[in-house]
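Below is one structure, written out as structure tokens; comments come after it.
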Amino acid sequence: VQLQASGGGLVQAGGSLRLSCAASGRTFSRYGMGWFRRAPGKEREFVAVISYSGSTTYYADSVKGRFTISRDNAKNTWYLQMNLLKPEDTAVYYCAATRTIATIDSSRYDYWGQGTQVTVSS
């Protein structure tokens with residue numbers, strides 16, 4: 001099983017990026033899918049999660065209204081659209097899959113991607 005995160009890069013404040021996470025090795029249509037991030041010198045933190053049906057989403061307060069999580073079960077892929085990026089969004093972003101419907105608790109995630117770097121310049 002492999003989760004491959006992509007789409008990171010360098011962007012100016014106020015810009016946008018879309019992260020993708022492509023899963024292989026099994027079907028994740030019954031898994032909740034999430035995004036986490038780790039900024040330099042900080043703990044990993046929850047960003048967003050979407051339920052397997054796509055009907056339920058949760059966001060960290062710091063990204064609510066700016067980030068949107070979505071998924072395409074046919075492609076075994078999920079996305080994080082990031083708008084109005086701020087320098088404090090700079091971090092390595094990780095995608096992850098959970099057997100739960102949707103959770104913000106990182107300890108309940110079963111599979112993790114390798115991370116993709118997002119850098120927002122001021």
Side-chain angles (χ1 to χ4, degrees):
V1 176
Q2 185 176 16
L3 304 183
Q4 182 70 41
S6 62
L10 174 64
V11 64
Q12 288 187 329
S16 298
L17 284 173
R18 188 175 84 150
L19 305 183
S20 299
C21 187
S24 60
R26 69 170 302 143
T27 299
F28 286 90
S29 59
R30 302 294 292 181
Y31 280 67
M33 312 301 265
W35 289 95
F36 291 78
R37 67 186 182 187
R38 177 173 286 162
K42 294 187 177 181
E43 297 290 319
R44 183 174 58 191
E45 65 174 358
F46 166 78
V47 176
V49 62
I50 186 168
S51 63
Y52 64 83
S53 67
S55 61
T56 300
T57 57
Y58 295 116
Y59 297 92
D61 288 343
S62 59
V63 307
K64 203 172 294 182
R66 300 187 298 122
F67 290 11
T68 303
I69 189 171
S70 61
R71 65 188 297 161
D72 185 337
N73 286 339
K75 295 182 178 179
N76 225 19
T77 300
W78 61 109
Y79 308 94
L80 184 68
Q81 177 66 43
M82 306 186 295
N83 298 329
L84 299 174
L85 283 161
K86 304 175 180 180
E88 50 263 44
D89 294 318
T90 295
V92 177
Y93 283 71
Y94 299 89
C95 55
T98 174
R99 292 185 179 91
T100 68
I101 295 175
T103 178
I104 67 172
D105 183 354
S106 62
S107 69
R108 301 192 69 186
Y109 281 76
D110 305 286
Y111 301 99
W112 290 85
Q114 86 291 355
T116 185
Q117 176 70 47
V118 171
T119 303
V120 184
S121 63
S122 57

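Here, residue 1 is the first one in the sequence, and each next residue gets the next number.
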Side chains of [X] and [Y], donor plus acceptor under 3.5 Å:
X      : Y      : result
Thr103 : Asp105 : no
Thr27  : Ser29  : no
Thr119 : Gln117 : yes

Ignoring hydrogens and angles, tell me if any N or O in the side chain of [X] forms a donor-acceptor pair with the backbone of [Y] under 3.5 Å.
X      : Y      : value
Ser55  : Ser53  : no
Asp89  : Val118 : no
Gln114 : Ala5   : yes
Arg71  : Ser51  : yes

Nearest 0.5 Å, please: how far is [atom2] in [Y] from [atom1] in [X]?
X     : Y      : atom1 : atom2 : answer
Arg99 : Tyr52  : CZ    : OH    : 15.5 Å
Glu43 : Arg38  : CD    : CZ    : 6.5 Å
Leu17 : Thr116 : CG    : OG1   : 8.5 Å
Leu19 : Cys95  : CG    : SG    : 9.0 Å
Trp35 : Glu45  : CH2   : CD    : 14.5 Å
Met33 : Ser70  : CE    : OG    : 11.5 Å

>> Quick check on Lys42: does its NZ atom have over 12 non-hydrogen neighbours (other residues, nucleotides or ligands) under 6.0 Å away?
In response: no
> Is Arg108 atom CZ crowded by more than 12 heavy atoms from other residues, nucleotides or ligands, each under 6.0 Å away?
Replying inline: no
Can you give me the closest heavy-atom contact between [X] and [Y], atom names plus distance?
X     : Y      : answer
Lys86 : Val120 : O-CB, 3.2 Å
Thr90 : Ala39  : O-CB, 3.6 Å
Thr68 : Tyr59  : CA-OH, 3.4 Å
Ser20 : Tyr79  : OG-CD2, 3.3 Å
Gln81 : Ser16  : NE2-CB, 4.0 Å
Gly34 : Ile69  : CA-CD1, 4.4 Å

>> The test is side chain to side chain contact (heavy atoms under 4.5 Å, CB included); show your working for Leu85 and Phe67 and say whether it passes.
In response: CA-CA 9 Å; Leu85 283 161; Phe67 290 11; 3.8 Å; yes
>> Which label fits Tyr111 and Tyr31: parallel for a plane angle under 30°, tilted from 30 to 60°, or perpendicular past 60°?
In response: tilted
> So Trp112 and Phe36, would you call those rings parallel, tilted or perpendicular, with 30° and 60° as cut-offs?
Replying inline: tilted
With hydrophobic residues grouped by side-chain heavy-atom distances under 4.5 Å, do [X] and [Y] end up in a single group?
X     : Y      : value
Val11 : Val47  : yes
Tyr93 : Ile50  : yes
Tyr94 : Ile104 : yes

>> Are Val63 and Arg37 packed together at the side-chain level, in the sense that at least one heavy-atom pair is separated by less than 4.5 angstrom?
In response: yes
> Below 4.5 Å, heavy atoms only, C-beta onward: do Leu3 and Trp78 meet side chain to side chain?
Replying inline: yes
> Rest of the hydrophobic cluster containing Leu84 (Ile/Leu/Val/Met/Phe/Trp/Tyr, side-chain heavy atoms under 4.5 Å)?
Replying inline: none
